[in-house]
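Scroll down for the structure; my scribbles are underneath it.
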Amino acid sequence: MKKTLLIAVFTFFALFMAAIDGAAASLPQIRITCQGVINPDDYIPGTINVTDVDGSVWNCNIELRRRGSTAKYYTVKPALNIKLRDAGGEELDHNLLGLRTASSFILDAMAIDRINMRNRICFDIWNEFSRLPYDTDFDGRNGTVGRYVEVYIDGSYKGIYCLTDKINRKLLDLKKPETDAATGETKIRGLLYKNGTSDVIDESKVTFLDDYLLYVASPGDVWELHEPEELASHKAWEPIIDFYADGNCDNYEYIKEHFWVENLADFAVHVLAMSLSDNWKRKNKYFSIQNVTKSGDKSRFVVTPWDMDTSLGGYYDGSFYNGNYSDWKTETFLANAPVPFAACIKEPEFVELMKQRWLVGRDGPYSIPAVSDKLRETAALFIESGAWQRTLEKQPLGEEIVTDLEKEIEMIIDWYKERHAIVDGFFGIPNDDAQVPTLTDSAERKEDMIFNMQGIRLKSINSPGIYIINGKKTFVGATN
């Protein structure tokens with residue numbers, strides 16, 4: 001009875017606070033109470049109360065800690081890992097705010113991003129542009145989804161966050177370890193590695209650290225084992241070890257055999273278009289293998305982006321804003337490519353594949369109108385909900401965001417227009433006529449590089465329509 005009464009009182013208080021903070025609020029409100037001090041090392045218990053925009057309320061027990069390599073040092077507006085727990089302390093699965101059902105979520109603080117939307121927008125664009133090369137329960141999604149929320153911690157307003165799901169085994173359909181009934185041996189199948197960490201003391205030599213959870217694959221190139229953490233061992237690292245052995249990471253033929261090259265091309269296009277300088281290093285990406293015990297496609301590496309706050313002209317410390325944005329040149333893109341991309345971009349075949357994918361994306365999710373709409377719509381959501389003004393007034397890091405959000409967004413859009421032209425120039429695409437299909441007939445067309453409008457390479461053309469042939473949109477009439 002007491003517990004029911006306490007929940008009712010807490011729910012009423014949450015709704016009352018939401019009302020006085022702005023009756024027209026159109027962002028969900030998340031209120032967290034902590035039993036202890038939030039830290040980056042240990043999960044502490046607490047509770048979460050979530051009020052959606054329709055007034056519905058949901059709450060449960062949680063465990064939480066600060067997260068991220070750089071983000072965990074932002075203690076005023078902490079990025080958080082959240083684990084949902086039932087009354088007995090066991091894992092609780094829930095489709096929090098309509099995200100996929102899970103027991104663990106991220107509250108992305110976006111503390112270094114002065115517009116609080118770059119990472120989410122880049123993931124949304126990526127999800128529209130590129131999918132996993134195999135089917136999953138989540139339509140082949142290869143990135144996170146999320147919702148913007150306002151967060152209070154122990155009654156203190158923390159500003160705009162993004163609640164997101166995680167890159168994990170379930171999303172990528174990585175196969176669970178399997179135990180042999182006869183021998184009792186547990187076989188590792190699906191694998192997930194994350195590139196880059198600030199937790200390594202000595203990155204100067206090839207070594208394992210933290211009971212095989214970390215691996216320095218080459219000086220300065222560090223990987224974390226995310227799946228299966230419970231089976232961290234030399235065996236779990238064998239695909240990465242082999243990748244770095246005998247110059248394989250610089251061998252394009254090896255890369256074509258062990259990676260989905262189309263996925264690599266998509267990632268490279270995304271980096272180039274969004275100016276993801278902090279993802280074109282030895283960090284901020286995942287490698288995964290669906291089932292290492294299988295041969296062929298199931299044992300190929302897939303690349304997934306992560307932490308794209310430095311996109312769209314931004315910088316890792318938030319210092320680029322108010323018309324001063326990143327000038328990350330295409331020459332630097334070429335010169336500073338990490339493995340396996342350093343070998344790939346030397347190959348005309350791979351650059352041509354990138355070009356075909358850009359031709360698909362430049363008129364779709366990477367088009368100037370599409371990117372502009374995402375930026376403007378998000379800014380309007382922040383402003384019209386009152387969240388931006390509340391952040392400026394109440395949140396201690398208010399000085400770390402821009403006062404005039406609409407003005408800032410228009411300057412970023414101007415920057416992106418220039419970036420779009422730079423990427424066109426990189427691939428030798430004229431800006432004035434790149435979108436105009438060229439008419440031809442089957443006798444004139446060249447079929448050495450043919451893609452459909454979904455970016456899938458074809459061996460031949462079997463029906464009339466618009467195709468991308470040798471880098472140009474081409475209308476093909478009757479094929480007989």
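If you read the sequence from its start, that first residue is 1, and numbering goes on from there.
- For the residue pair Arg66 and Pro78, the shortest heavy atom distance occurs at CD-CB, 3.6 Å.
- Checking each of Glu384, Glu408, Glu410, Glu406 against Arg376 for a salt bridge (charged side-chain N to carboxylate O under 4.0 Å, His left out) leaves exactly one that passes, namely Glu410.
- In this structure the side chain of Ile38 reaches within 4.5 angstrom of the side chain of Ile153, judged on heavy atoms.
- Contact check for Trp388 versus Ile401: side-chain heavy atoms found under the 4.5 Å cut-off.
- No close placement of the Tyr193 and Tyr215 rings is indicated, their centers lying 6.0 Å or farther apart.
- Counting only distance, with no hydrogens or angles, the side chain of Asn248 and the backbone of Ala245 share a donor-acceptor pair below 3.5 Å.
- In this structure a side-chain-to-backbone donor-acceptor pair under 3.5 Å is present from Ser367 to Gly364.
- The nearest pair of heavy atoms linking Ser311 to Leu276 is CB-CD2, 3.3 Å.
- With rounding to the nearest 0.5 angstrom, the CE atom of Met110 is 4.5 Å from the CG atom of Asn116.
- Two residues are said to be in side-chain contact when any heavy atoms from C-beta on lie closer than 4.5 Å; Pro133 and Arg300 fail this criterion.
- Counting only heavy atoms from C-beta outward, the side chains of Cys344 and Ile255 approach each other to under 4.5 Å.
- For the pair Thr310 and Tyr315, the minimum side-chain heavy-atom distance is 4.5 Å or more.
- In this structure, the side chains of Ile413 and Val371 stay at 4.5 Å or more apart for every pair of heavy atoms.
- In terms of heavy-atom proximity, Ala236 sits nearest to Leu225 at CB-CD2, 3.9 Å.
- The two residues Phe382 and Ile115 make their nearest non-hydrogen contact at CE1-O, 3.6 Å.
- Using a 4.5 Å heavy-atom cutoff, the side chains of Tyr316 and Ser277 are not in contact.
- Remark: side-chain polar atoms of Arg67 are not paired, donor with acceptor, to backbone N or O of Ile82 under 3.5 angstrom.
- In this structure, CG on Leu171 lies 8.5 Å from OG1 on Thr144, to the nearest 0.5 angstrom.
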Run the side chain to side chain donor-acceptor pair (under 3.5 Å) test on Asp297 and Trp260 for me, step by step, so that the C-alpha distance in whole Å, both residues' side-chain angles and the decisive distance to 0.1 Å come before the verdict.
CA-CA 8 Å; Asp297 290 347; Trp260 292 91; 5.9 Å; no
Show your working on side-chain contact (heavy atoms from CB on, under 4.5 Å) between Trp237 and Phe243 and close with a plain yes or no.
CA-CA 10 Å; Trp237 288 100; Phe243 171 56; over 6 Å; no
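- Annotation: Trp223 is in aromatic contact with Phe287 [ring centroid separation under 6.0 Å].
- Put simply, the side chain of Arg114 gets close to the backbone of Gly318: a donor and an acceptor are under 3.5 Å apart.
- Distance alone, capped at 3.5 Å, is enough to place a donor-acceptor pair between the Asn127 side chain and the Phe123 backbone.
- Listed for the Lys281 side chain is no donor-acceptor partner under 3.5 Å among the backbone atoms of Asn336.
- Counting heavy-atom neighbours within 6.0 Å of Tyr321 OH, excluding the residue itself, gives a total of 12 or less.
- Lys170 places a side-chain N or O within 3.5 Å of a backbone atom of Thr101 that can act as its donor or acceptor partner.
- Across Asn168, Thr304, Asn142, a single residue satisfies side chain to side chain contact (heavy atoms under 4.5 Å, CB included) together with Tyr286, and that is Thr304.
- No side-chain donor-acceptor contact under 3.5 Å links Trp280 to the backbone of Leu272.
- When all heavy atoms are compared, the tightest approach of Asn279 to Asn284 is ND2-O, 3.0 Å.
- In this structure, Val151 and Leu80 have side chains that are not in contact, with every pair of non-hydrogen atoms separated by 4.5 Å or more.
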In sequence, state the C-alpha distance, the side-chain angles, and the governing distance for Leu64 and Ile44, and then conclude on side-chain contact (heavy atoms from CB on, under 4.5 Å).
CA-CA 6 Å; Leu64 71 158; Ile44 64 168; 3.8 Å; yes
May I have the step-by-step check of side-chain contact (heavy atoms from CB on, under 4.5 Å) for Tyr244 and Asp221, ending in yes or no?
CA-CA 11 Å; Tyr244 281 88; Asp221 198 357; 2.5 Å; yes
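- Between Ser130 atom OG and Asn263 atom CG the span is 5.5 Å, to the nearest 0.5 Å.
- Figure legend: cation-pi geometry between Arg120 and Tyr148 absent, as NZ or CZ is not positioned both under 6.0 Å from the six-membered ring centre and within 45° of its axis.
- Shortest non-hydrogen contact noted between Ile125 and Met274 is CD1-SD, 3.9 Å.
- Note: His420 and Tyr416 have perpendicular aromatic rings, judged against thresholds of 30 and 60 degrees for the angle between ring planes.
- To the nearest 0.5 Å, the span separating NZ on Lys166 from CH2 on Trp306 amounts to 8.0 Å.
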Trace of the side-chain contact (heavy atoms from CB on, under 4.5 Å) decision for Lys346 with Tyr252
CA-CA 9 Å; Lys346 295 175 184 176; Tyr252 186 60; over 6 Å; no
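- Separation of atoms CD (Glu377) and CE (Met117) is listed at 11.0 Å; rounding is to 0.5 Å.
- Counting only distance, with no hydrogens or angles, the side chain of Thr332 and the backbone of Trp328 share no donor-acceptor pair below 3.5 Å.
- A salt bridge is defined here as a Lys NZ or Arg NE, NH1 or NH2 lying under 4.0 Å from an Asp or Glu carboxylate O, and Glu128 with Lys374 meets this definition.
- Aromatic rings of Phe259 and Phe301 (six-membered ring for Trp) have centroids within the 6.0 Å cut-off, being under it.
- Using a cut-off of 4.0 Å between Lys/Arg side-chain N and Asp/Glu carboxylate O, Asp165 and Arg141 are scored as salt-bridged.
- Here the rule is side chain to side chain contact (heavy atoms under 4.5 Å, CB included) with Leu192, and of Leu174, Val302, Ile289 only Leu174 fits it.
- Using a cutoff of 4.0 Å between basic side-chain nitrogens and carboxylate oxygens, Glu253 and Lys256 are scored as salt-bridged.
- Here the side chain of Tyr161 pairs no donor or acceptor atom with the backbone of Ala79 at under 3.5 angstrom.
- The CD1 atom of Ile422 lies 7.0 Å from the OG1 atom of Thr330; values are rounded to the nearest 0.5 Å.
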